[in-house]
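Just below is one structure, and these are the notes that go with it.
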Amino acid sequence: MQLSIIIVNYNVKYFLQQCLYAVNKAIQGLQAEVIVVDNNSTDGSVAYLQEKFTWVTFIQNTENKGFGKANNIALQQATGKYILFLNPDTIVPEDCFEKCISFFETTKNCGALGIKMIDGKGNFLPESKRSFPAPLTSFFKLVGLAYLFPTSKLFNKYALGYLDKNNNHEVDVLAGAFLMTTKELLDKIGGFDETFFMYGEDVDLSYRLQQTGFKNYYFSESTIIHFKGESTKRGSLNYVKMFYEAMSIFVSKHFKGSSVALFSTSIKMAIWLRALLTLIKSFFTRLGLAIIDTIVIFLSIWAVKKVWVVFIRQGNDFIQDIVFKITPVYVIVFLLAAALAGMYDNLYKPVKALAATFIAVIAGLAVYSLLPETLRFSRGVILFGGIFSAVMMIFYRFVLKQLNFIKETDEDKKMQQTIVVGSINEYNQAMSLLQTAHLQERVLGRVAIENENNNAIGELNQLQKIADTFAIREIIFCAGTLSYKKIIEQIQLLTHNISFKFFETNSNCIIGSDSKTATGEIVSFDTNYNINTSYQKRMKLFVDIAFALIILFTFPVHIVFMKDGFNAIKNAVLVLIGKKTWIGYNVPNQHLPQLKNSIIAHNTFNTKNNYTLNETVLSKMDILYAKEYNWLQDVRIITSNYRNLGS
């Protein structure tokens, strides 16, 4: 056996499916085996994939044993001369393995090999080549200096940013996402150290491989896509903590004396600095921005009032203190309007700030008109105070965005123009998938690969020109007629303000991820649930809170007319504090978007019929409820089952 490919999976079945299709094409002409170790996934990975890939050996763990231990389990069964540890969220080109094996066989001192990796948007991943984590190297990485000076030999030694990514290099550390070595060497050093659960195991293995006298190489002559990078976001404090723990194990294991103390001190300092930065950044979330918006509104109306008094009223102040009379009402209306408009879903969205301001100003003026004559002050202050606060909110969000404290979300991609690259048949298959996700309207058309130009808007060699002409923001590549190698070449040539998705014509899903730290996007027949969209989730919460407040404020009526009015009041409190939802599923299902425990199920039947549905039917109805969810449906169910809200 020439090659054994070992893949550890945890809850990424659609990415693994695409990976296995690519691997299958890359092992043609080789004597190879593929072993997938599932670390107790909860998404049904093994059951879903086993029947599709009968040539793959699946090992199913009953618990999450960690990356290193899971790899070692497969290593015991592997029989190949070469062993490749491969992440499930990768796509490899067809000639990748042959090129890597050829490099091994023509480079006498090669003990292990890593590869050039790009993310799902075509950006080079710096973890493709790394040095060992010396104290200063780790410190500069954790405090962010490596990010600020990516090509510096001093500050970014960890990622070897000063080495040309397009040339082969001897390096220290290879990424566990793609690490090829020999079975002989692994048997000699004992595989992965299972002390490392996440992070550091590839650093440790690289170090021990190097200690055998062989060299580790970064191989640039082939490129793979690595979608998600790490499962813990690299900007988070949790990542810093886990990185520190892993590096501490590594240093304690391989170094002695003052090196250990120096490393520990430098990393602790880096953690405190990163913790402070993370704390500041974490404030600028939905709640943080809502608090800042409240302060901005108060200050804006106060400032406009002062200007108004000086220039319009010639120094005569208002009798009423309008800042504290009308502003709280304005703030409440603004925050409600902003939340419903989605202003706090996409933290940088000027148009939504303007929409919320318009609603709040109109509501403020309406409240003003209802006030007694003695409490009225100035419509102008409300109007211009609202406009000024909107300008200030847009301005400070822009500053925070420039400082990278907040980011635009991917929400707008639903409105982005998309093209599909593939044959006519592949295009039709992709469109069927997009139709299930209600995304077909964004597709402008098909880009032809070879001679199928009928109904195509252009050809593959015109791709950049097409993208520029039609302001394309998303390209879906169909892997079938078009090779993975060609796809990977194309996404590196295109400008990186375009998002890329990938569709294997034998699969039933479209996958993609714009960042190594993002969760990734999936379009499939199985996973497109309307209840998962930001708008529907927000409106479901709004319906829950609205009906809970109505019941609590009018409780005497419900005690009389409901079957169990007192329990309905208790249910309303539980919904209001977020412990329950009014409407939910019939039966528990871990594969559906999770909801809080519900008061009543989404489908209610006339109990006089005495007809019992089995669990299979109820489960299918739950799937339909999640896929076709609309918040108005919850409103209808609640109103039509009013008497049962106390049940």
Separation between [atom1] of [X] and [atom2] of [Y], rounded to the nearest 0.5 Å:
{"X": "Arg442", "Y": "Glu474", "atom1": "CZ", "atom2": "CD", "result": "4.0 Å"}
{"X": "Gln18", "Y": "Asp89", "atom1": "CD", "atom2": "CG", "result": "12.0 Å"}
{"X": "Arg473", "Y": "Ser499", "atom1": "CZ", "atom2": "OG", "result": "7.0 Å"}
{"X": "Ile476", "Y": "Phe500", "atom1": "CD1", "atom2": "CZ", "result": "12.0 Å"}
{"X": "Ile511", "Y": "Tyr14", "atom1": "CD1", "atom2": "OH", "result": "11.5 Å"}
{"X": "Ile531", "Y": "Gln633", "atom1": "CD1", "atom2": "CD", "result": "9.0 Å"}

Geometric class of the Tyr625/His602 ring pair [parallel <30°, tilted 30-60°, perpendicular >60°]: parallel

Parallel, tilted or perpendicular: ring planes of Phe227 versus Phe502, cut at 30 and 60 degrees: perpendicular

If I compare all heavy atoms of [X] with all of [Y], which pair ends up nearest, and what's the gap?
{"X": "Ala430", "Y": "Val420", "value": "CB-CG1, 4.3 Å"}
{"X": "Thr42", "Y": "Asn11", "value": "N-OD1, 2.6 Å"}
{"X": "Tyr585", "Y": "Ser598", "value": "O-OG, 4.1 Å"}
{"X": "Ile457", "Y": "Leu444", "value": "CG2-O, 4.4 Å"}
{"X": "Trp582", "Y": "Ala548", "value": "NE1-N, 3.7 Å"}
{"X": "Gly386", "Y": "Thr357", "value": "O-CG2, 3.3 Å"}

Expected output: side-chain [X] to main-chain [Y] donor-acceptor under 3.5 Å:
{"X": "Gln536", "Y": "Trp631", "value": "yes"}
{"X": "Lys540", "Y": "Asp634", "value": "no"}
{"X": "Asp622", "Y": "Asn586", "value": "yes"}
{"X": "Asn641", "Y": "Ile637", "value": "yes"}
{"X": "Arg446", "Y": "Gly422", "value": "yes"}

Verdict with supporting geometry, Leu493 and Leu463, side-chain contact (heavy atoms from CB on, under 4.5 Å): CA-CA 10 Å; Leu493 293 173; Leu463 197 53; over 6 Å; no

Heavy atoms of other groups near Asn455 CG, more than 12 under 6.0 Å: no

Heavy atoms from other residues, nucleotides or ligands near OH of Tyr642 exceed 12 (cutoff 6.0 Å): yes

Please tell me if the side chains of [X] and [Y] come closer than 4.5 Å, counting only heavy atoms from C-beta onward.
{"X": "Gln464", "Y": "Asp468", "value": "yes"}
{"X": "Asp544", "Y": "Lys580", "value": "no"}
{"X": "Leu645", "Y": "Phe547", "value": "no"}
{"X": "Ile475", "Y": "Thr418", "value": "no"}
{"X": "Val361", "Y": "Ile387", "value": "no"}
{"X": "Ile510", "Y": "Phe503", "value": "yes"}
{"X": "Val575", "Y": "Ile551", "value": "no"}
{"X": "Val309", "Y": "Lys306", "value": "no"}

Verdict with reasoning, Leu354 to Ile394, per side-chain contact (heavy atoms from CB on, under 4.5 Å): CA-CA 9 Å; Leu354 293 174; Ile394 292 170; 4.0 Å; yes

Listed once per pair and sorted, the salt bridge (Lys or Arg N to Asp or Glu O under 4.0 Å) pairs that draw on residues 291-303, sequence neighbours left out: Asp293-Arg397

CA sep, side-chain torsions, deciding dist, call: Leu576, Ile545, side-chain contact (heavy atoms from CB on, under 4.5 Å): CA-CA 6 Å; Leu576 198 60; Ile545 293 173; 3.9 Å; yes

side-chain contact (heavy atoms from CB on, under 4.5 Å) between Ile583 and Val543, intermediate numbers included: CA-CA 10 Å; Ile583 311 299; Val543 169; over 6 Å; no

Stepwise side-chain hydrogen bond (donor to acceptor under 3.5 Å, both in side chains) check, Lys563 with Asn644: CA-CA 6 Å; Lys563 290 182 179 179; Asn644 297 319; 3.3 Å; yes

